[in-house]
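These notes are about the structure you will find just below.
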Amino acid sequence: MEALDPILSGLNPPQLEAVTTTEGPLLVVAGAGSGKTRVLTRRIAYMIRNGVQPWRILAVTFTNKAAREMGERVGQLLERVGVTVPVQSLWISTFHSIASRLLRRYGTEIGVPQNFTIYDADDQKTLVKRIMKDMNLENDALHVRQAIHYIEAYRNGSLKALYPPYDTILEKYKSELSAAQAVDFTGLLEKALELAPHVAHLWDYILIDEFQDTNHLQFEFIHRLARPHGNVCAVGDDDQSIYSWRGATPRFLIEFERQFSGAREVRLEQNYRSTGNIISAAGHLILHNTTRRPKKIWTAAPSGEPIYFNALDDERQEASWIVSRMLEHNARGVSLDEMAVLYRINAQSRPFEDSLRREGIPYTVVGGTKFYERAEIKDLIAYLRLALNARSDIDILRVLNKPKRGLGQAAVRRIRELAGERSLWHGLHRARDERRIGPKITEFVRLVEHAAALAEKRPPEDVLGFILEETDWLGMRASTDIESITRVENMNELLAAVTDYSDEERSNGEEPTLQGFLESIALVSAEDLSEDDEDTEKVWLMTVHAAKGLEFDVVFLPGWEEKLVPMEREDSTEDSLEEERRLAYVAMTRARRVLYITRARERMVYGRTLRTSPSRFLKELPRDRIKILSRRKPVTHDPETLAEVASHAHRHRKKSVKSSSYKGSSSNSPFRPGDVVRHKKFGTGRVVSVDGSGDGARVTVNFRGIGQKVIVASYLMGVDR
DNA sequence: TACTAGGTTGTTTTT
DNA sequence: CAACCTAGTA
Ligand SMILES: Nc1ncnc2c1ncn2[C@@H]1O[C@H](COP(=O)(O)OP(=O)(O)OP(=O)(O)O)[C@@H](O)[C@H]1O
């Protein structure tokens, strides 16, 4: 009897078609849980078994975790058919990792030094802030964030023109980056695009997962890589596009056929993940979006349990109710790691952590404040980065006086003076003869140079060990306060992480390098790395964004309240509401068997208790699939409504601007077409049309340099001409 | 230069 | 409710 082929069995006809159609452009559009990722994995294995050399295939995933899992699965499939493939030979990774890898190897061709440093979002903020300060622009957090917002939108292709002063800021920013031999996240993509013609010959087959969340730069990169052979396979679901705030757009998925001539399209319509009730409810919800391609989805699975909804008094009760349900499911045999709480914002994790800890249930919080974002860890990393690239001014400024060595503001000013137009590192060298600060600077320079020398010939753990030793940070062990103890623990943990990295590399027959370590932590989020005691089952706490592509038996969705789910802020638009709905759709479709949705009647926001109202999405779910567990119950006291304090309205704003209220509002429409209005984020613009009345009216405004947006009236201020 | 108290400010989502 | 920044003092 012949055994089933592990690579081609367990696929329905369209899936099979997608797996075996290896030549030419192919697009797989399909709803959640229809096996898109499975298709990609099988396809890679299929091609390799047919003789394609593994390193001729490039597969792009959305996260590093997804990349690792895909690599593992491909390896397993091939093993079962007797093909052995060295793991490292496969190019399966994120756009950013691919870019970084290419840049390391071929960057010199386009003027990027081999030892470039990767700047993260924080480094970017620091640098932009400094530039804005030098330009005498307002440089408080708000303005800096706004500047970065525009600059990034422009760079990733979602904003067509960049106006003053942002154009100048960007120009200066870019020149500072290149002087510092640094590349930021978007820079990685920009450089990769530049490099594309030089590297396109490396691959014959390109595959992309989660194609609906590709930005312009990424698409262009793929387009250029595919030019020689046209073998591109993209899979995605426009209803799951949830990263538009990062410049991603489903446009490239929609336009695929136009961009790649002769493209075939395969649709997958059967969902294998969830029960009928879940599929039906999620499908019903997403139907409320107007800008989407209609799509069929069905399941052979039974309806299953209804979707449970409950409203609790506040977020702590919400958490403890959910935790009780977890205990029940666990008692009935559902493993803890098959349960997940998926929330809108990281701050929502708090009450769940408290409650789980109280019940003694192990849990993992994915994301949130990451290990590598802690101050003491960033300090150490700054030292490590300097060891490879001393031209990175940001890193010098970060650690020059850490630990305190008497080099404060005045010293920095002097070093800047001496550096002139050149890097601070140059300034430091010249400052070694200064009367007062000279000796301390000499000491610092020596430290960095010694670390640099070590990095050349010793493994990364030795370099870190040297820095810890020299800075005597671990000496703080002596201090007894909790804070310094955890600091020291964190530093030791970093040392352990470096050592793990080196061991891992060695076991793969590679030489561990500091460069490699720094890269792995710059691009790989902490939770990707931490494989901490895998043998303990733990429930998952994470944002919906982080849950993309995952699945769990039992899923809990807390916080379905207006302003939170859907998230609504001053700059919310019709489009952003639709993205919120897609987010809710993604959240619901993570569940295999049981789905709970809850809300809190009151919630603490910024230390005040606010009254909430139920999410509009609840009304968009089909009644017959939902079981409502809550009974009406009035609140005893009288907290402010969310609307009353929206965006600090009553704290900061003039009376002339009222905040929005979902209960409707008394005043008549305050704006007419032609009026000039101001918006906090978009600036001034002219009213095109008004839909509805009162503060809740939707006003279409044409903003200068930005274009048309639909804004809720309450977020606009009239401007007298 | 280092430290502390007090005021203010804010939050999506992440490679 | 934090986390962060600023200004004033040791
Ligand atoms: N033909 C099939 N037979 C049985 N199970 C399948 C089949 N195809 C996919 N599955 C299962 O369905 C589930 C969803 O598959 P997969 O994660 O590949 O879907 P997806 O389309 O990528 O989902 P999403 O877009 O929601 O991330 C997985 O558990 C997978 O093993």
Side-chain angles (χ1 to χ4, degrees), chain A residues 60-67 93-100 118-122 124-125 129 139-143 145 149 152 156 183-189 192 210 213-215 217-218 241-248 315 342-348 350-351 366-370 372-373 375 400-413 436-437 440 519 521-528 542-548 559 563-572 576 579-580 582-584 586-587 603-610 645-648 651-652 680:
Chain A
V60 186
T61 59
F62 195 73
T63 62
N64 292 287
K65 192 171 160 202
S93 55
T94 63
F95 277 110
H96 296 265
S97 295
I98 291 161
S100 156
I118 297 174
Y119 274 9
D120 64 17
D122 238 45
Q124 179 180 53
K125 203 168 87 198
K129 186 180 164 87
N139 65 101
D140 56 285
L142 196 83
H143 288 265
R145 207 173 334 117
H149 173 82
E152 287 298 300
N156 69 35
V183 181
D184 64 6
F185 283 147
T186 305
L188 285 171
L189 303 177
E210 308 281 11
D213 277 322
T214 324
N215 73 25
L217 282 169
Q218 293 166 332
S241 167
I242 54 176
Y243 280 87
S244 73
W245 46 274
R246 223 165 65 183
E315 74 273 17
L342 309 181
Y343 36 75
R344 180 63 244 265
I345 59 173
N346 288 119
Q348 280 175 268
R350 209 22 204 286
V366 178
T369 321
K370 296 185 182 106
Y372 293 107
E373 282 166 14
L400 181 63
N401 201 28
K402 275 181 200 142
K404 301 260 182 302
R405 45 168 84 82
L407 293 172
Q409 283 171 14
V412 171
R413 216 173 305 126
R436 181 153 287 196
I437 55 178
K440 299 168 193 162
E519 196 151 309
I521 60 173
L523 298 175
V524 176
S525 48
E527 72 271 13
D528 286 350
M542 69 184 96
T543 62
V544 179
H545 283 93
K548 179 172 173 163
K563 305 251 148 160
L564 185 58
V565 176
M567 173 69 68
E568 193 193 273
R569 309 170 57 77
E570 303 174 14
D571 53 353
S572 291
S576 65
E579 180 147 319
E580 292 295 315
R582 292 193 290 271
L583 202 50
V586 171
R603 183 176 294 275
M604 274 269 241
V605 181
Y606 303 148
R608 15 163 109 242
T609 301
L610 305 178
V645 285
S647 329
H648 301 189
R651 257 203 283 175
H652 303 302
K680 204 175 165 195

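The sequence lines fix the lettering, A, B, ..., with proteins before strands; numbering per chain opens at 1.
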According to ring-ring contact (aromatic ring centres under 6.0 Å, His included), who are the partners of F185(A), at least two apart in sequence or on a separate chain? H96(A)
OP1, OP2 of dT14(B) versus side-chain N and O of T543(A): anything below 4.0 Å? yes
Of the candidates dA2(B), dT1(B), dT12(B), the side chain of Q409(A) sits closest to dT1(B)
In whole angstroms, the gap separating C1' of dT14(B) from CD of Q218(A) amounts to 12 Å
Could you tell me whether the side chain of R344(A) has a donor or acceptor atom within less than 3.5 Å of a complementary atom in the base of dT13(B)? yes
For M604(A), which residues count as a side-chain contact (heavy atoms from CB on, under 4.5 Å) partner, sequence neighbours excluded? E315(A), T609(A)
Listed by chain and number, what are the salt bridge (Lys or Arg N to Asp or Glu O under 4.0 Å) partners of K402(A), not counting sequence neighbours? D379(A)
Partners passing salt bridge (Lys or Arg N to Asp or Glu O under 4.0 Å) against R344(A) (at least two apart in sequence or in another chain): E580(A)
Picking from dC3(B), dT12(B), dC1(C), which would you name as closest to the side chain of M604(A)? dC1(C)
Of F185(A) and M567(A), the one whose closest nucleotide on DNA chain B sits nearer the 5' end is M567(A)
I'd like a list of close polar pairs between nucleotides 8-10 of chain C and the protein, N/O only, cut-off under 3.5 Å.
none

Main-chain N/O of R246(A) paired to N156(A) side chain as donor or acceptor, under 3.5 Å: yes
Is there a side-chain contact between T186(A) and N215(A) (heavy atoms, below 4.5 Å)? no
From CZ of R145(A) across to C1' of dT13(B) the rounded distance in Å is 13 Å
Which part of the nucleic acid does N401(A) contact within heavy-atom distance under 4.0 Å: base, sugar-phosphate only, or nothing? sugar-phosphate
Is R246(A) close enough to dT15(B) that one of its side-chain N or O atoms is under 4.0 Å from OP1 or OP2 there? no
What integer distance in Å separates M542(A):CE from dT14(B):P? 11 Å
Of the candidates dT1(B), dT14(B), dC3(B), the side chain of A546(A) sits closest to dT14(B)
Please enumerate all residues that pass side chain to side chain donor-acceptor pair (under 3.5 Å) together with N401(A), with sequence neighbours excluded. none
Interatomic distance where CG belongs to N156(A) and P belongs to dT15(B) [whole Å]: 16 Å
For a quick check of understanding: with a heavy-atom distance under 4.0 Å over all strands, which category does R350(A) fall into, base, sugar-phosphate or nothing? sugar-phosphate
Which part of the nucleic acid, if any, lies within reach of G408(A) when heavy atoms closer than 4.0 Å are counted: base, sugar-phosphate only, or nothing? sugar-phosphate
Write down the distance between CZ (R608(A)) and P (dT8(B)), rounded to a whole number of angstrom. 15 Å
Value in whole Å for how far the P atom of dT14(B) lies from CH2 of W245(A): 6 Å
Y243(A) ring over dT14(B) six-membered base ring, under 5.5 Å and 30°: no
What heavy-atom pair brings I242(A) and D213(A) nearest, and what distance separates the two atoms? N-OD1, 3.2 Å
Write down the distance between NZ (K65(A)) and P (dT15(B)), rounded to a whole number of angstrom. 11 Å
For A410(A) and for H96(A), find the nucleotide of DNA chain B with the closest heavy atom, then tell me which residue's nucleotide is more 5'. A410(A)
For K125(A) and dC5(C), what is the distance between atoms NZ and C1' respectively, to the nearest whole Å? 12 Å
Please confirm whether the shortest side-chain N or O distance from N346(A) to OP1 or OP2 of dT14(B) is below 4.0 Å. yes
